[in-house]
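Down below is the structure, laid out as structure tokens.
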Number of protein chains: 2
Amino acid sequence: MDKIDLDHTQPLNRHRILQAVRLHGPLARVDLGGIIALSPASISSITGELMRDGLIREVPGNDAGRGRGRPKVMIELTPTAACMIAVKLSINRIEVTLGDFAGGIGPVQARALNTLELTSHGLIEALIEMIEGCIAAIPADFGPLTGIGLAVQGLVHSHETLVWSPALAVRNINIAAPVARHFNLPVIAMNDADCIALSIRHRPELQAVENLAVVMLGTGIGMGLILGGRLHSASSGAGAEFGHTKYQIDGPLCHCGRRGCIESFVGDYALYRDARSMLDLPNTDALHPSEEQMQALVDLAESGHPVATSLFQQAGRALGYGLSNLIALIGPDLVLITGSGVRGYQQMETEMRRSLDEALVDTLLAQTEIRSYPWDEDLTLRGIVLQVLAGGKIS
Amino acid sequence: MDKIDLDHTQPLNRHRILQAVRLHGPLARVDLGGIIALSPASISSITGELMRDGLIREVPGNDAGRGRGRPKVMIELTPTAACMIAVKLSINRIEVTLGDFAGGIGPVQARALNTLELTSHGLIEALIEMIEGCIAAIPADFGPLTGIGLAVQGLVHSHETLVWSPALAVRNINIAAPVARHFNLPVIAMNDADCIALSIRHRPELQAVENLAVVMLGTGIGMGLILGGRLHSASSGAGAEFGHTKYQIDGPLCHCGRRGCIESFVGDYALYRDARSMLDLPNTDALHPSEEQMQALVDLAESGHPVATSLFQQAGRALGYGLSNLIALIGPDLVLITGSGVRGYQQMETEMRRSLDEALVDTLLAQTEIRSYPWDEDLTLRGIVLQVLAGGKIS
DNA sequence: CGATTTCATTCAATTCATGAAATAAAAGGG
DNA sequence: CCCTTTTATTTCATGAATTGAATGAAATCG
């Protein structure tokens with residue numbers, strides 16, 4: 001596997017075929033034709049090239065046996081055809097892993113460090129160091145390294161400038177260019193919530209959803225938006241700051257320095273802060289209650305403790321009102337609630353739906369489905385891998 | 001002009017060239033090449049066909065004379081190459097006009113009727129009757145009639161079903177299909193606010209704005225969204241109900257039956273209702289204060305009358321908070337405030353901006369420009385014409 | 001085993017965009 | 001007034017990409 005020609009992945013239909021195979025898993029050529037509206041002849045011709053280049057391969061394990069006629073030959077991406085580095089930067093933590101050509105990821109290497117004390121130079125150095133470690137560990141059977149993706153908390157501009165991040169004290173640093181120069185590879189930076197949204201929308205059953213909002217509950221409240229089938233990143237990289245839409249104009253002070261944000265009612269730190277003031281709970285780092293502390297709070301509510309219950313009800317109301325604004329403005333087909341904070345979703349749901357009924361006319365409400373989405377694994381790294389594979393361009 | 005071949009307007013680059021000429025006015029072939037990234041040879045070939053088909057023509061009035069070299073030959077669309085009917089349905093009023101191939105419109109014929117009393121059958125009949133009148137009046141030199149566009153107040157689904165409209169008592173009527181059957185023409189229905197947004201974004205100076213929100217103040221508050229350069233219509237047709245996002249959860253009752261909507265602070269009827277309760281104003285049809293009444297209210301505020309002034313200030317605050325949610329969620333590059341209600345914009349602006357400062361962190365706020373946009377003519381009909389020309393598909 | 005069905009490939013034909021070269025139409029300079 | 005320069009447009013041969021039609025391949029069914 002030496003002469004892989006990844007430069008010619010540009011021609012439109014080659015790329016579309018690769019994306020389709022990546023999305024819809026192992027797939028016969030006929031079905032490919034159906035998906036991207038191309039004649040069998042073209043499919044045959046292009047898959048022929050791709051196979052010669054080693055980018056795709058026929059699946060050994062034939063399954064769709066039943067039925068008459070010549071059996072389908074399933075094709076899939078060769079995971080090792082190429083690889084890329086995926087990096088996740090969050091508060092006090094950098095993670096890095098190897099992404100393969102099929103969109104999968106390898107083992108994650110993590111490093112704890114005090115990100116708030118980093119200079120912009122120090123940040124770049126830390127990133128480069130982690131990436132070099134990951135590159136050194138690339139198994140020998142992998143094809144060329146084609147790019148690097150950076151998933152970061154905060155506002156990203158033009159896929160390269162980190163305008164602002166809660167993880168950093170510095171602002172407006174171009175995190176893509178220096179890394180690109182150092183490795184001589186294309187580098188793309190993206191908001192972490194957008195990565196997660198991309199990753200979720202990648203699931204086959206969600207492919208048809210044109211307008212999707214993924215709301216992430218946790219310490220903060222984030223959102224990723226897929227609009228018209230494409231990731232919506234305002235050209236500024238701002239946007240999707242769902243957590244900072246308003247619930248009560250004169251409400252409590254939020255992280256962001258403003259008042260009454262949804263986040264200051266629904267975020268973990270808000271729930272724990274209020275719980276602590278009313279219950280007898282340990283006074284730890286108020287900004288980042290631990291998973292155990294939060295789970296304990298949920299358990300309390302589930303066991304019927306009135307104070308804990310009412311906290312989640314209040315959060316549910318705030319969330320419902322926030323969603324009502326989202327629905328009135330965008331009218332997504334589907335809203336998925338996920339993030340570590342879904343642990344409390346059942347406790348919030350009733351009040352959330354009551355708020356929605358209260359705030360929205362039926363005609364609007366009926367157009368949008370709202371449900372929770374399990375939070376098993378962190379989808380951020382998977383999302384940035386998909387973005388790099390999609391060719392940097394938002395698609 | 002008899003053998004116009006409009007069926008072959010589909011091939012991608014033909015269509016792109018026509019759209020580019022429509023957007024950027026009279027234009028030389030060289031410049032066209034620059035705009036849509038096509039070689040001079042291709043431009044020449046395609047414009048040749050289009051000219052032969054009579055869709056475009058060379059501009060007689062040559063202007064760009066100055067400079068060396070062969071002078072540019074400007075081309076423009078032949079307005080009479082084709083035409084379409086544009087219809088606007090609003091409360092108690094139907095308007096209809098002829099749209100030409102260049103995107104212009106002819107004289108508007110209007111008819112007043114009690115729309116709320118119409119059955120779905122009666123509505124269709126009224127529409128067809130108006131359209132027939134318009135068709136009968138098409139000047140002889142026009143090319144074929146290629147389609148019909150319906151701009152309606154309310155929620156439109158799949159470009160054909162009017163899910164709900166404030167103008168009607170009936171719901172869920174397919175207004176496109178029966179009209180299409182009757183005239184044997186493609187018919188497309190669209191929300192009126194979306195039409196206006198499309199129409200505004202059509203201006204040359206706004207072509208580059210990728211994410212644009214157009215907020216329309218008036219009796220009600222509407223919004224049209226251009227996201228990623230394309231009109232955002234939630235697949236449901238809901239969405240962009242900016243007027244019904246929330247300002248005060250327990251605020252006054254809105255038209256829509258819910259409480260605290262922006263519209264119930266900023267809408268004409270809200271301003272006039274509050275003004276009437278505090279000032280000595282005539283008690284007319286509370287739902288639809290007249291233009292004169294509203295202008296009088298603005299004049300009062302401009303002359304410094306404290307009660308009137310404070311009304312607009314309150315409206316400004318509500319508007320500001322509404323916009324802060326919009327910006328946090330979508331992060332548009334530009335927000336334009338327009339509609340008949342801009343007459344009071346100056347009175348609202350200070351408080352509006354104060355609210356924005358109060359509600360949003362600077363980093364977010366700095367990404368979005370907000371300004372007013374003059375409301376000279378009704379752009380709805382122009383918008384639906386553009387949509388029909390764009391081929392029905394949202395682009 | 002042959003008929004039928006479904007999947008995949010081959011090949012010639014067609015369409016479409018393009019680079020290079022030619023042509024067109026002006027200004028400027030002697 | 002003619003020749004050169006400059007810019008715009010067209011012509012033409014070439015090449016790339018997609019496709020319809022025909023063919024081949026691999027299974028099931030009776």
Side-chain angles (χ1 to χ4, degrees), chain A residues 5-21 24-53 55-77 391, chain B residues 5 7-21 24-53 55-77:
Chain A
D5 197 353
L6 282 164
D7 296 339
H8 295 82
T9 308
Q10 285 297 26
L12 186 59
N13 282 334
R14 263 180 86 105
H15 193 258
R16 291 209 308 157
I17 285 186
L18 288 174
Q19 279 295 73
V21 177
H24 300 91
L27 198 55
R29 300 191 219 295
V30 219
D31 305 324
L32 251 177
I35 291 174
I36 52 181
L38 225 52
S39 71
S42 308
I43 301 280
S44 210
S45 152
I46 299 175
T47 52
E49 286 178 43
L50 293 173
M51 191 106 55
R52 221 176 306 121
D53 294 348
L55 301 188
I56 60 174
R57 64 187 181 196
E58 299 190 337
V59 162
N62 170 6
D63 53 338
R66 71 192 64 216
R68 305 250 295 215
R70 176 176 175 173
K72 303 181 176 190
V73 182
M74 311 299 263
I75 55 181
E76 66 177 10
L77 298 178
Chain B
D5 197 354
D7 297 338
H8 297 84
T9 309
Q10 285 297 25
L12 186 58
N13 282 334
R14 260 180 89 105
H15 193 259
R16 291 209 306 156
I17 285 186
L18 288 174
Q19 279 295 76
V21 177
H24 299 92
L27 199 55
R29 293 172 170 77
V30 220
D31 305 324
L32 250 178
I35 291 175
I36 52 180
L38 225 53
S39 71
S42 308
I43 300 279
S44 208
S45 151
I46 298 175
T47 52
E49 286 178 43
L50 293 173
M51 192 105 56
R52 221 176 307 120
D53 294 348
L55 302 188
I56 61 175
R57 63 187 183 196
E58 299 191 336
V59 163
N62 170 6
D63 53 338
R66 70 192 65 215
R68 304 252 293 214
R70 176 174 175 174
K72 302 181 177 191
V73 183
M74 311 300 262
I75 54 181
E76 65 177 9
L77 297 178

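Below, each value reflects all heavy atoms present in this structure, side chains not excepted, and no hydrogens, waters or symmetry copies. Lettering of chains follows the sequences in order, A, B, ..., and the numbering in each one begins at 1.
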Name the closest nucleotide to the A/Pro71 side chain, picking from D/dA8, D/dA27, C/dT9.
-> D/dA27
Roughly, in whole Å, what's the span from CE in A/Met51 to P in C/dA8?
-> 10 Å
Rounding to a whole Å, what distance do you find between A/Leu27:CG and C/dC7:C1'?
-> 13 Å
For A/Glu49 and for A/Gly69, find the nucleotide of DNA chain D with the closest heavy atom, then tell me which residue's nucleotide is more 5'.
-> A/Glu49
Does B/Leu50 reach the side chain of B/Val21, with side-chain heavy atoms less than 4.5 Å apart?
-> no
Interatomic distance, CG@A/Leu55 vs CD1@A/Ile75, rounded to 0.5 Å, equals 11.5 Å
For A/Arg29 and D/dA25, give me the distance from atom CZ to atom P, rounded to whole Å.
-> 15 Å
Heavy-atom distance under 4.5 Å between the side chains of B/Ile56 and B/Leu18, does that happen here?
-> yes
Among D/dT19, D/dT10, D/dT18, find the nucleotide with the atom closest to the side chain of A/Asn13.
-> D/dT18
Do the side-chain N or O atoms of A/Ser42 get closer than 4.0 angstrom to the phosphate oxygens (OP1, OP2) of D/dT19?
-> yes
Rounded to the Å, how far apart are A/Leu50 CG and C/dT9 C1'?
-> 16 Å
Test item: B/Ile36 and B/Asn13 side chains (from C-beta on) under 4.5 Å apart, heavy atoms | no
Expressed in angstrom and rounded to an integer, what is the separation of B/Ile43 atom CD1 from D/dT7 atom P?
-> 19 Å
Of the candidates D/dT10, C/dA8, D/dC29, the side chain of A/Arg68 sits closest to D/dC29
Look at the side chain of B/Arg70 against the base of D/dA8 and say whether a donor-acceptor pair falls under 3.5 Å; ignore hydrogens and angles.
-> yes
Look at A/Arg14 and D/dA17 and indicate whether a side-chain polar atom (N or O) is within less than 4.0 Å of OP1 or OP2.
-> no
Rounded off to whole Å, could you give me the CG-to-P distance for the B/Leu12 and D/dT18 pair?
-> 14 Å
Send over the distance from B/Glu58 CD to D/dA8 P, rounded to a whole Å.
-> 15 Å
Of the candidate nucleotides D/dT19, C/dA8, D/dC12, which contains the atom at the shortest distance from the side chain of A/Ala41?
-> D/dT19
Whole angstrom is fine here: how far is it from CD1 in B/Ile46 over to C1' in C/dA17?
-> 8 Å
Mind checking whether A/Leu32 and A/Leu38 have side chains closer than 4.5 Å, heavy atoms only?
-> no
Nucleotide of C/dC7, D/dG20, C/dT9 approaching A/Ser39 most closely (side-chain heavy atoms) | D/dG20
Would you indicate what A/Leu38 reaches in the nucleic acid, counting non-hydrogen atoms under 4.0 angstrom: base, sugar-phosphate, or nothing?
-> sugar-phosphate
